[in-house]
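Quick note on labels: first sequence line is chain A, next is B, and so on, each numbered from 1. As the structure is a prediction and not an experimental result, all values here were calculated from the model.
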2 protein chains.
Amino acid sequence: MAMRDVHCEVEEVGATPRGRDHGLVWLLGRAALRSHQSLQERFVRHGIRKWHYAVLAAVDEAGPVTQADISRRLSLDGSDLVGVLNDLVSAGYVTRNPDPANRRRNLVALTEEGAAALREFDVCVVETEDELLATLAPDERKQLVSLLARVLDAARPAGVE
Amino acid sequence: MAMRDVHCEVEEVGATPRGRDHGLVWLLGRAALRSHQSLQERFVRHGIRKWHYAVLAAVDEAGPVTQADISRRLSLDGSDLVGVLNDLVSAGYVTRNPDPANRRRNLVALTEEGAAALREFDVCVVETEDELLATLAPDERKQLVSLLARVLDAARPAGVE
DNA sequence: TACCAATATTGGTATTACCAACATAGGGGG
DNA sequence: CCCCCTATGTTGGTAATACCAATATTGGTA
């Protein structure tokens, strides 16, 4: 890795954050990593990963949708969605059929088994969140979620949903 | 991927979270991803990635330290640290010399250039955090950081630092 | 001395996010 | 109607990350 020479003058920065350990980006990254691992640990017992759950939930909430819709809604690359759907179809959790109105599109719909499985998987999410937020009071949980949602809205590129 | 059959009875779960979009794990993951990308975008102009910054900061704060110390302090795998240090040594940002007191260990120390570069890189972090937290009031920023730190402390396996 | 633990290093793997290319199909303007 | 442009789904590849296994060297210790 070729590191570029540092040539800028920096004598008046003064904004050096004392306690770099507590930077927001750092904390976000570690918290996300741990929560993700904790959730995946539960999902793996059901043979799924987080995107399987996210796609199931999206199809459940939006009714029969096209893959492009799911992709946009979840900010999941279309090519990655294909693999996830292959798994979900194999498991019998969703159906994927061409849209008769527009034969480019596939309509993805939740099956009975998919709906039942989704309720199972929801438990994993609830358990993980309870574990993570065990030390927080209920109003603090709401505060954290609210603050994170606002950060995400601000960081969103341009009016995506 | 072989998905296990869902056989458990779920009739009394009732904890299905309405608004799955707003689950903590989901929000954490997306926020971390976006903030990480925003930071990396700035770091890449200096030819570094986040671990280079983290290691530089750790060496700066802890004085000359062994690689094992850095590894534990940052929860960074020792093998990954080797590569990061190779880059930092090549760039002249740190020195890595055997500890005369214990020849298994390497002592990593910040150079003048490393210290100057670190101050440069700090600007990237400050800019990224300002961008992410632009919509939050100062006390909300502190609240978010505080809540995240508490979540992380709770999720920490066992007395690490 | 002989065994065990710590350290640094090499190499490999799995996951994730993303990108490029492509074939197919729709829609719209000439 | 034909041509162009876009949207869609699909395949394949890449970079970064996190982690794990094996090893050589060294320290400490029973």
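Annotation: the span from B/Tyr53 atom OH to B/Leu39 atom CG amounts to 8.5 Å, rounded to 0.5 Å. Separating the OG1 atom in B/Thr66 from the CG atom in B/Asn106 is a distance of 9.0 Å, to the nearest 0.5 Å. Of the inter-residue distances, the one linking B/Trp51 atom CH2 with B/Leu88 atom CG reads 13.0 Å to the nearest 0.5 angstrom. Taken to the nearest 0.5 Å, the CD1 atom of B/Ile70 stands 9.0 Å off from the CG atom of B/Leu76.
In this model, no side-chain donor or acceptor of A/Ser79 finds a partner on the base of D/dG9 within 3.5 Å. With hydrogens and angles ignored, a donor-acceptor pair under 3.5 angstrom links the side chain of A/Arg104 to the base of D/dA7.
Side-chain atoms of B/Arg42 and B/Ser38 form a donor-acceptor pair, as typed in the model, at a separation below 3.5 Å.
For the pair A/Asn86 CG and D/dG12 C1', the interatomic distance rounds to 14 Å; values are reported in whole Å. Distance, A/Asp77 CG to C/dA21 P: 15 Å, rounded to whole Å. Per the geometry, CG belonging to A/Leu81 stands 8 Å off P belonging to D/dG9, to the nearest Å. As a whole-Å value, the separation of B/Arg96 CZ from C/dA8 P is 10 Å. Rounded to an integer number of Å, the gap from CG of B/Asp80 to C1' of C/dG12 is 12 Å. One interatomic measurement links the two molecules: NZ of B/Lys50 to C1' of D/dA16, which rounds to 9 Å at whole-angstrom precision. Atom pair B/Leu76:CG and D/dA18:C1' shows a separation of 9 Å (rounding to whole Å applied). In this entry the distance linking CD of A/Gln67 with C1' of C/dA25 reads 15 Å, nearest Å.
OP1 or OP2 of D/dA7 has not a single side-chain nitrogen or oxygen of A/Arg105 nearer than 4.0 Å. When the side-chain nitrogen and oxygen atoms of A/Trp51 are compared with OP1 and OP2 of C/dA17, one or more of them lie within a distance under 4.0 Å. Phosphate contact (OP1/OP2 of C/dT24, side-chain N/O of A/Arg103, threshold under 4.0 Å): absent. OP1 or OP2 of C/dT16 sits under 4.0 Å from a side-chain N or O of A/His36. For the OP1/OP2 pair of D/dT17 and a distance below 4.0 Å, the side-chain nitrogens and oxygens of B/Gln40 include at least one atom meeting the criterion. Between C/dT7 and B/Arg72, a contact under 4.0 Å exists linking OP1 or OP2 to a side-chain N or O.
In this structure, A/Ser71 reaches neither bases nor backbone, as no heavy-atom distance under 4.0 Å exists between it and the strands shown.
Residues B/Asp69 and A/Asn102 both approach DNA chain C. Their nearest nucleotides, taken by heavy-atom distance, put B/Asp69 toward the 5′ side. With the nearest nucleotide of DNA chain D identified for both A/Asn106 and A/Gln37, A/Asn106 has the one nearer the 5' end. Each of A/Gly78 and A/Leu33 lies near DNA chain D, and the nucleotide nearest A/Gly78 is the one positioned closer to the 5' end.
The number of heavy-atom neighbours closer than 6.0 Å to CD of A/Glu127, taken from other residues, nucleotides and ligands shown, is above 12.
Searching all strands for a Watson-Crick or G-U wobble partner of D/dA30 with both distances below 3.5 Å returns C/dT1.
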